[in-house]
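Let me begin by presenting the structure, written as structure tokens, before commenting on it.
We number each residue from 1, following the sequence as shown. These numbers come from the heavy atoms of this one structure, side chains and all, not from hydrogens, waters or symmetry mates.
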Amino acid sequence: MSVVAIPTRRHPGVRPARPRTGPTLTITLDLAPGPLSPRLARLVQLLGELAESGEGQLRAVRDAAPGPHPVPPPATAEPSADADHVRILAGSRTVRRGDRVIALTRIEYELLLFLAERPRRVFTRLQLLSSVWGYEHAVARTVDVHVRRLRAKLAGSEVITTVYGVGYRLADEAAISVDHSG
């Protein structure tokens, strides 16, 4: 199957204009039979959204047969996850909780990833400043602020545990996984 994007179409209700002579972008994807990879499924989905917005058209061409064919909906490569399960997709630097994407700042993401990759280890504030922030000359309470914000964004699932008098660690009951491929 090949995917082809063709130039924009006029919006209904807009007076006819000169024929558009703007650039045309054609994207051809030669796909193997079977389910799409997650990244390829996302690309097809984004191209479909672009076409739906009126900024282009999307056609699926099978074996160079004439005429447009509907594009099948992208296959979901992610299993239906538990609503409280947190997935860190390291390749795309996104964090998902169930089906929802959690918007994190760079430091919040790095902090969560650092702790998730090192379960059952306790880190002092200075160790976290050095490893996550990359320096030690900030106020150690900076870590507390970012942990508090991260907990608020992941409300409902216990992910980070405070070890009083020492620092922080990933909670034992944390339903979290790190996916380095996605």
Side-chain angles (χ1 to χ4, degrees), residues 3 5 25 27 29 31-32 34-53 55 71-182:
V3 177
L25 171 66
I27 300 172
L29 302 171
L31 305 174
L36 300 176
S37 70
R39 297 173 97 183
L40 192 55
R42 179 67 179 139
L43 176 64
V44 171
Q45 179 185 5
L46 289 172
L47 288 171
E49 290 174 8
L50 183 67
E52 288 174 7
S53 71
E55 296 183 41
V71 175
T76 55
E78 301 172 21
S80 56
D82 178 32
D84 284 337
H85 185 78
V86 177
R87 287 186 61 212
I88 302 173
L89 305 172
S92 61
R93 295 184 61 86
T94 57
V95 175
R96 291 183 164 272
R97 182 169 167 215
D99 295 332
R100 209 171 48 112
V101 174
I102 307 294
L104 299 179
T105 64
R106 181 185 63 83
I107 292 293
E108 290 165 348
Y109 171 83
E110 294 290 336
L111 177 61
L112 182 61
L113 180 64
F114 182 82
L115 291 173
E117 289 178 334
R118 296 157 183 86
R120 294 179 294 283
R121 287 188 55 197
V122 179
F123 296 94
T124 66
R125 290 173 182 88
L126 288 177
Q127 287 174 323
L128 290 172
L129 278 172
S130 175
S131 299
V132 176
W133 277 256
Y135 51 84
E136 297 176 4
H137 58 270
V139 178
R141 294 295 176 181
T142 303
V143 176
D144 298 344
V145 172
H146 285 84
V147 167
R148 184 173 52 244
R149 289 179 183 164
L150 189 55
R151 283 176 173 160
K153 290 181 180 181
L154 296 171
S157 58
E158 182 65 30
V159 176
I160 300 175
T161 301
T162 302
V163 179
Y164 292 98
V166 182
Y168 298 100
R169 70 185 196 91
L170 189 71
D172 287 333
E173 63 276 357
I176 191 165
S177 62
V178 180
D179 183 3
H180 287 285
S181 64

- [ ] Can you sort out the partners of Thr162 under side chain to side chain donor-acceptor pair (under 3.5 Å), two or more places apart, ordered by chain and number?
- [x] Arg151
Task: side chain to side chain contact (heavy atoms under 4.5 Å, CB included) partners of Val145, counting only residues at least two apart - done: Arg148, Arg149
- [ ] Please name all residues satisfying side chain to side chain donor-acceptor pair (under 3.5 Å) with Ser131, sequence neighbours left out, ordered by chain then number.
- [x] none
Task: Distance in Å, Thr161 OG1 paired with Leu170 CG, rounded so as to fall on 0.5 Å steps - done: 7.5 Å
TODO: Sequence neighbours left out, what pairs pass salt bridge (Lys or Arg N to Asp or Glu O under 4.0 Å) with at least one residue falling in residues 166-178?
DONE: Arg169-Asp172
Task: Leu154 CG to Ile160 CD1 distance, which is reported to the nearest 0.5 Å - done: 7.5 Å
Open item on the list: Within the 4.5 Å heavy-atom criterion, are Leu150 and Val159 side-chain neighbours or not?
Closed with: no
Task: Residue list, side chain to side chain donor-acceptor pair (under 3.5 Å) with Glu158, at least two apart or on another chain - done: none
Open item on the list: According to side chain to side chain contact (heavy atoms under 4.5 Å, CB included), who are the partners of Arg118, at least two apart in sequence or on a separate chain?
Closed with: Phe114, Arg121, Phe123
Open item on the list: Using the side chain to side chain donor-acceptor pair (under 3.5 Å) criterion, which residues pair with Thr105? Sequence neighbours excluded.
Closed with: Glu108
- [ ] Looking only at non-hydrogen atoms, find the nearest pair between Val143 and Arg125 and report the distance.
- [x] CG2-O, 3.7 Å
- [ ] For residues 155-179, pull every pair meeting ring-ring contact (aromatic ring centres under 6.0 Å, His included), keeping only residues two or more places apart or in separate chains.
- [x] none
- [ ] Rounded to the nearest 0.5 Å, what's the gap from CZ on Arg96 to CD1 on Ile102? Could you check?
- [x] 10.0 Å
- [ ] Please round to the nearest 0.5 Å and tell me the distance separating atom CD1 of Ile107 and atom NE2 of His146.
- [x] 6.0 Å
- [ ] Have a look at Val178 and tell me which of Leu112, Ile88, Leu89 forms a side chain to side chain contact (heavy atoms under 4.5 Å, CB included) with it.
- [x] Ile88
- [ ] Report yes if the side chains of Val132 and Leu115 come closer than 4.5 Å at any heavy-atom pair, otherwise no.
- [x] no
TODO: State, yes or no, whether a side-chain contact exists between His180 and Glu117 at a heavy-atom distance under 4.5 Å.
DONE: yes
Open item on the list: For the CG atom of Leu128 and the OG1 atom of Thr142, what is their distance to the nearest 0.5 Å?
Closed with: 11.5 Å
Task: Counterpart residues, salt bridge (charged side-chain N to carboxylate O under 4.0 Å, His left out), relative to Arg141 (two or more places apart) - done: Asp144
